[in-house]
Amino acid sequence: MESILVLVPKSEQESMASPMLQPAEQDQAKHDSDEEWIKKHLFNLAMQGKWDNVIKTYQEKPAALGVKITRSGDTALHIAVLDRKESVVEKLVNLINDEEASTSSREKEGREEEKYEHPLEIANDRGNTPLHLAASIGNVRMCLCIARKHRKLVDSRNNERETPLFLAALHGKKAAFLCLHGLCDPNNHSNNSRRGDGETILHCAISGEYFDLAYQIAHKYKGLLNSFNESGNTPLHLLAGKPAAFESGCHLGWFNKIVYYCLYVEKLKEESFPHYDIQQSVDEKPELEKYPENYTTCVNFFQVLNVLWNVFTKSVLSPIYSVISAPACKKDSTTSEKNDPENPKKGECDAPQKQDKQSRNGADEQPHLLPPNYYISFEFLKFLYKAMLVVLGFGSKMKKKIQAKKEKNIWSIQIMDKLLESVSSEYDASAGSRPMELGETDVFRAIEAENTPEPKQPTKMENDQKTDQDKKIDDMAKKKIDEMAKKETPILIAAKNGIVEMVERILNLFPVAIHDMNSNKKNIVLLAVENRQPHVYEFLKKREILKESIFHVVDNEGNSALHLAAKSNNSPPWRIPGAALQMQWEIKWYEYVKKSMPMHFFVRYNKENKTAREIFTETHKNLVEKGGEWLNNTSNSCSVVAALIATVAFTTSATIPGGIEAESGKPTLEKQPAFNVFSISSLIALCFSVTAVVMFLAILTSRHQEKDFGRDLPRKLLCGLSSLFISIAAILVSFCAGHFFVLKDELKYAAFLIYAVTCLPVTFYAIMQFP
């Protein structure tokens, strides 16, 4: 019997297979296909920047607001926040009501739904909601828009247990931080200010050197001033580890120092986010004006004029007006109601307004430095100085860098004073070694226990296992606390990093802190010597209190300050190029520490029965070898140049410009001033070039012993480089003098400008070799 093959069209196959699926399964398959299509469609539109089409898609399909469209779990709202599309974010947030309505209607139809999640609560794979991202980039407008819509997001945490407030502090966004601080529940400030690992917002602000933000946190969160993180560090510990934030760690050239001391920086004051900004509708904020690209120069010019006018009105006109209006206020207060206690004087009523005006102009700090009648002159000089910097071209990048450096230096002192104010009057030598206080552990437990289900009643076996685990955890905690107990106090960290300001301030407040020691029994003197901090050591020498007792201390290996001065560190401690010069400064530092105290003051032998001189010789062997190689390479290169200059100078001195007279044998141009300059400069070039060659040969033939790096070799190097510089300058002068006879009739005095430009290489050489 033959089989018959029947061909069925594909459309009929689908129609035959479709009845086999249940209606619920058909709906689910259709829903999944629609969701995949929406994901791809929204992703393509977002990547192309077609946000109007994205908004239109959400309006047509409100359920898509919660769809994650990227592999990292971001929704379109996440991408819009990261792209800083403020108007798009506002429109997307305003569509959320429609989504809620559609969700409730679906639930009424009887479909089983999972636990409802608000679209603004949807987080990406890192647990960040749109408010987390808006806070991390510091966009206040988007933070207000999202937080107004869903206030619970302010307390939400990501996978790292970070709140939006914490992320704003972590990235140094002061405006966003103040905004979120005003939106947070005051009773929840302590929880929102910590991360899951115990790091606080004050620790993050100081670690990132956001000192303006740290100052606001110190005022608003006073409980964090003495708080400890997981490593057992307080904010003062972190600040002591940042020497570049203080003036003592700021290394500037002579010109930059002049600009640094001329700049004026206002001290920080407590701020709060303006209430009118919170209540103000974000829709009222105007968009940036657009103009043709070829108008950019004109727009920038008018912006500069606007800035100059603002500086002039703020620095000059406002003080003049305040001074002019002050006598009228005094006159009114003295003539009317002079002794009436029920009616206060007009001057007293206006005092707060006057104080507020002075605080805006930065005048509240000036009466301490200058008499009140000098204030106008001082402000006018500041205005002239700023105008001069703009005219000379120094008011752009260089001025901004130095201004930022000085702001950091001034504000770090304010933070330090604020942190030291919170320390108890009775100095605790173990401060900084305690990992955390009881209240802080309670906060950690509250953060860890947040959103965790309640445990079931454990059985007896589970209780036994739990006790064993608790013992292990307690043992680990004890070990960790013992490690934290070895931590150094802030004054020791400051001495190690050369922060004289902090060392002086702590010793003035807590004189007993001078006895602090680390786990190796090194006190403040030993750490300053070991880390090559001459300013701290000099400051401690000037303090007569307990001088002998702290300078006579030895560490647990029996090393005195002289032994530690003799030890070589792995990293070069001195800001000097060249191994030979590094070695010279090491010798100078050792001799300085040795001569700073009376003879036989320091302990001669340590526990290894070694003297300081033996330690110095052992630990500086590699530096001596590197210094010898560096000197040989430098001498070889410079001696070749000096020999070439000597050859040219000898040839030049033997050649007479203009020739000689046949009868008398005297030079034709003998009576010309340029001829005298030529002959003298050529002789100087020959003399100093030969001197340079001799000096460099002396360096090459030297023994390169340890003691030679103290004076002998550096002097020879300095003499050789100086002679080489003078010979180069002299050979250029002799060339210009000989060439002057060619150009004097045509260019006359203009030739001097050409010769000045010719001498620029000598200037560059001097700048590079003699910084």
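Along the sequence shown, the residues carry numbers beginning at 1.
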How close do [X] and [Y] get, heavy atom to heavy atom, and via which atoms?
X: Gly498; Y: Gln533; result: CA-OE1, 3.2 Å
X: Asn226; Y: Ser422; result: ND2-O, 3.0 Å
X: Ala205; Y: Ile217; result: CB-CD1, 4.0 Å
X: Ile524; Y: Leu492; result: N-CD2, 3.8 Å
X: Gly223; Y: Ser227; result: O-CB, 4.2 Å
X: Ala168; Y: Leu213; result: O-CD2, 4.2 Å

Please tabulate, for the side chains in residues 601-611, all donor-acceptor contacts under 3.5 angstrom to protein atoms that are two or more places apart in sequence or on a different chain.
from   : atom 1 : to     : atom 2 : distance (Å)
Asn606 : OD1    : Glu608 : N      : 3.1
Asn606 : OD1    : Asn609 : N      : 3.2
Asn606 : OD1    : Lys610 : N      : 2.9
Asn606 : ND2    : Asn559 : OD1    : 2.9
Lys607 : NZ     : Asn556 : O      : 2.7
Lys610 : NZ     : Glu618 : OE1    : 3.2
Thr611 : OG1    : Glu614 : N      : 3.3

Please determine if [X] and [Y] form a salt bridge, counting it only when a charged side-chain N lies under 4.0 Å from a carboxylate O.
X: Lys242; Y: Glu501; result: no
X: Lys408; Y: Glu209; result: yes
X: Lys522; Y: Glu488; result: no
X: Arg613; Y: Glu706; result: yes
X: Lys174; Y: Glu271; result: yes

Taking side chain as C-beta onward, heavy atoms only, is [X] less than 4.5 Å from [Y]?
X: Asn409; Y: Tyr260; answer: yes
X: Leu167; Y: Asn158; answer: yes
X: Val553; Y: Met517; answer: yes
X: Cys184; Y: His189; answer: yes
X: Asn523; Y: Asp516; answer: no
X: Phe709; Y: Leu581; answer: no
X: Arg532; Y: Glu586; answer: yes
X: Tyr221; Y: His181; answer: yes

Check for a donor-acceptor pair, side chain of [X] on one end and backbone N or O of [Y] on the other, with a separation under 3.5 Å.
X: Arg194; Y: Gly198; answer: yes
X: Asn256; Y: Leu252; answer: no
X: Trp411; Y: Ala245; answer: no
X: Asn497; Y: Ile499; answer: no
X: Lys406; Y: Leu263; answer: yes
X: Asn159; Y: Arg126; answer: yes

Query - Candidate pair Leu509 and Arg505, rule side-chain contact (heavy atoms from CB on, under 4.5 Å), full reasoning - result: CA-CA 6 Å; Leu509 293 175; Arg505 182 66 173 158; 4.0 Å; yes
Query raised in the report: Taking the inter-plane angle between the rings of Tyr592 and Tyr537 on a 0 to 90° scale, is it parallel (under 30°), tilted (30 to 60°) or perpendicular (over 60°)?
Result: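 The arrangement is perpendicular - the two ring planes meet at more than 60°.
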Query raised in the report: For the residue pair Phe616 and Tyr590, does the interplanar ring angle fall in the parallel (under 30°), tilted (30 to 60°) or perpendicular (over 60°) class?
Result: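 Aromatic pair Phe616/Tyr590 classed tilted.
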Spatial distance of atom [atom1] ([X]) from atom [atom2] ([Y]) [nearest 0.5 Å]:
X: His132; Y: Cys143; atom1: NE2; atom2: SG; result: 11.0 Å
X: Asp555; Y: Ser560; atom1: CG; atom2: OG; result: 8.5 Å
X: Ile413; Y: Lys418; atom1: CD1; atom2: NZ; result: 15.5 Å
X: Asn188; Y: Asp155; atom1: CG; atom2: CG; result: 4.5 Å
X: Leu131; Y: Leu165; atom1: CG; atom2: CG; result: 10.0 Å
X: Ile415; Y: Leu236; atom1: CD1; atom2: CG; result: 11.0 Å

Query raised in the report: Sequence neighbours excluded, which residues qualify as side-chain hydrogen bond (donor to acceptor under 3.5 Å, both in side chains) partners of Gln216?
Result: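 So Gln216 forms no side-chain hydrogen bond (donor to acceptor under 3.5 Å, both in side chains) with any residue.
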Query raised in the report: Knowing that exactly one of Ile615, Leu623, Thr617, Asn622 qualifies, which makes a side chain to side chain contact (heavy atoms under 4.5 Å, CB included) with Thr619?
Result: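 With Thr619 as partner, side chain to side chain contact (heavy atoms under 4.5 Å, CB included) holds for just one option, Ile615.
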Report task. Go through the steps for Phe228 and His237 under the test ring pair (Phe, Tyr, Trp, His ring centres under 6.0 Å), then give the verdict. Result -> CA-CA 10 Å; Phe228 294 86; His237 282 81; 7.2 Å; no
Query raised in the report: When you look at Asp708 and Ile587, which way does the side-chain contact (heavy atoms from CB on, under 4.5 Å) test go after all the steps?
Result: CA-CA 10 Å; Asp708 296 336; Ile587 295 173; over 6 Å; no
Crowding at [atom1], [X] (>12 non-hydrogen neighbours, <6.0 Å):
X: His552; atom1: NE2; answer: yes
X: Trp585; atom1: CH2; answer: no
X: Lys222; atom1: NZ; answer: no
X: Arg543; atom1: CZ; answer: yes

Query raised in the report: After noting the C-alpha distance and the side-chain angles of His171 and Tyr210, does the key distance pass the side chain to side chain donor-acceptor pair (under 3.5 Å) rule?
Result: CA-CA 9 Å; His171 294 89; Tyr210 308 121; over 6 Å; no
Query raised in the report: Would a line drawn from the ring center of His219 to the ring center of Tyr215 be shorter than 6.0 Å?
Result: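 So the answer is yes for these two rings.
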Report task. Would you check, one step at a time, whether the test side-chain contact (heavy atoms from CB on, under 4.5 Å) holds for Thr200 with His203? Result -> CA-CA 5 Å; Thr200 68; His203 285 85; 2.4 Å; yes
Report task. Start with the C-alpha distance between Glu230 and Glu199, add both sets of side-chain angles, then the distance that settles side-chain contact (heavy atoms from CB on, under 4.5 Å), and finish with yes or no. Result -> CA-CA 7 Å; Glu230 192 179 34; Glu199 199 82 5; 5.9 Å; no
